[in-house]
Amino acid sequence: MKKFTSVEDVPDINKLVDKALSYKKNPWQHQQLGDRKRIGCLFLNPSMRTRLSTQVAAQQLGMESIVFNVSQEGWALEFEDEAIMSGNKVEHVKDAAPIFGKYFDILAIRTFPSLQNKADDYSELYINQFIKYSGIPVLSLESATLHPLQSLTDIITIQESLKENKTATKSKPKIVLSWAPHVKALPQCVANSFSQWVNAWGEADFVITHPEDYELDEKFTKGATIIHDQDEALKSADFVYVKNWSTYNDYGKIYTNDPEWMLTEEKLNVTNQAKVMHCLPVRRNVELSDEVLDGPNSIVTAEAGNRVWAAQAVLSEMLLAMR
Ligand code: CP
């Protein structure tokens, strides 16, 4: 795998999931693979899970990792080609990225969307400029529109849960992506990416439920059933993935904060004892109730734990491609 920025970089999802689960059983089995290799992890936005799990994964492969919080510690970067840099941007990515390419073997980047300009965000300008100018393999730690390491983790967690609960009689699990209220306008990345991966995986009945006018980009959701009635959508669900996103069509807005959309114990009653997932961080008693998060259906901590194995499987494939 020469880069990892979306599911399109993955030739075989199930093979990658198997590799991740094999690392979970035996984390140090390839501890020489990354010997004398270094990953640079650049954060233009905050992170806890992605940052730490990537570092742990790199260490278990024998790689050195260096974290650089660009937004707090670095020069303000300009990303537009041919920009006249007379404002507050200090350094062009065209000058900075090749230097990262000299220091590191793999460049990992987290950027968020502006939520102001849909065309800019959906062109993935930031991560694409790093790909263009760094000259080394790039790993997305979440970009303007996608969060592939999170989505790989989610598929791993679903597969793991299915193996542990073999009593299921359906040929395919029903997975529901359920919009939740939030106090801030959040990116569509996790929802886009989850949709893209579940669709590409192809081994689930996939339903998305959200209030009207919260449609996501069809490029990612095509193939899923969209239902605006949350209670109807949740019926017989085996997995409920809870996530807020801001509007896509009228870009980056909050149209509603209706607390009725929060996932509660009562709402879970119509599901098939669904496992509840969330990428975290989560706003308790806004997106999900305490009873759900702290209850037996929640697999959010196991899900976050699996971030390590997703990152390790991807880094392993990237290291093998560099040989
Ligand atoms: N889920 C996730 O990406 O968490 P962080 O923002 O803490 O990395």
Side-chain angles (χ1 to χ4, degrees), residues 4-7 17 20 24 39-59 65-73 106-115 121 124 126-127 138-158 160-161 175 177-180 182-198 216 220 239-246 263 275-284 286-288 292-293 298-315:
F4 184 77
T5 59
S6 94
V7 75
V17 169
K24 187 167 185 172
I39 179 169
C41 301
L42 270 53
F43 287 86
L44 284 81
N45 297 93
S47 166
M48 182 178 90
R49 281 145 289 267
T50 308
R51 170 179 169 160
L52 297 177
S53 61
T54 304
Q55 284 185 281
V56 171
Q59 189 187 30
S65 62
I66 293 181
V67 170
F68 181 30
N69 288 310
V70 183
S71 56
Q72 289 160 28
E73 298 157 0
I106 294 176
L107 192 58
I109 299 152
R110 167 166 282 202
T111 68
F112 280 172
S114 64
L115 292 181
D121 290 344
E124 289 285 10
Y126 287 13
I127 200 157
V138 167
L139 166 65
S140 170
L141 300 175
E142 187 170 355
S143 65
T145 67
L146 295 171
H147 195 352
L149 275 179
Q150 179 66 54
S151 309
L152 171 58
T153 303
D154 299 333
I155 301 288
I156 291 166
T157 307
I158 289 167
E160 192 177 38
S161 172
I175 300 177
L177 170 61
S178 185
W179 182 91
H182 203 283
V183 293
K184 279 177 68 184
L186 295 190
Q188 295 102 34
C189 312
V190 170
N192 283 343
S193 200
F194 186 71
S195 303
Q196 187 188 40
W197 279 73
V198 174
L216 293 161
F220 305 117
F239 295 89
V240 183
Y241 197 99
V242 181
K243 186 71 186 91
N244 169 269
W245 61 88
S246 58
L263 193 74
K275 301 291 181 201
V276 177
M277 302 175 72
H278 189 288
C279 63
L280 305 180
V282 65
R283 297 272 183 153
R284 278 178 175 258
V286 176
E287 296 175 83
L288 281 156
V292 174
L293 271 168
S298 170
I299 54 171
V300 298
T301 307
E303 182 184 359
N306 283 339
R307 293 295 306 269
V308 170
W309 318 116
Q312 193 163 339
V314 169
L315 282 176

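Counting begins at 1 with the first residue of the sequence. Each ligand, and each atom within it, is numbered from 1 in the order the structure gives.
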Will you find, in the side chains of N306 and T153, an N or O donor that is under 3.5 Å from an N or O acceptor? no
Decide yes or no for R110 and R51: does some side-chain heavy atom of the first lie under 4.5 Å from some side-chain heavy atom of the second? no
Between Q188 and W245 the two heavy atoms that sit nearest each other are CA-CB, 4.0 Å
Within the 4.0 Å heavy-atom sphere of ligand 1, strictly under, residues: S47, M48, R49, T50, R110, H147, Q150, C279, L280, R307
Of the non-hydrogen atoms in L186 and S246, which two are nearest, and what is the gap between them? O-OG, 2.7 Å
Got a sec: does the OH of Y126 have more than 12 other heavy atoms crowding it under 6.0 Å? no
For S195 and L216, the nearest pair of non-hydrogen atoms, with its separation, is OG-CD1, 4.3 Å
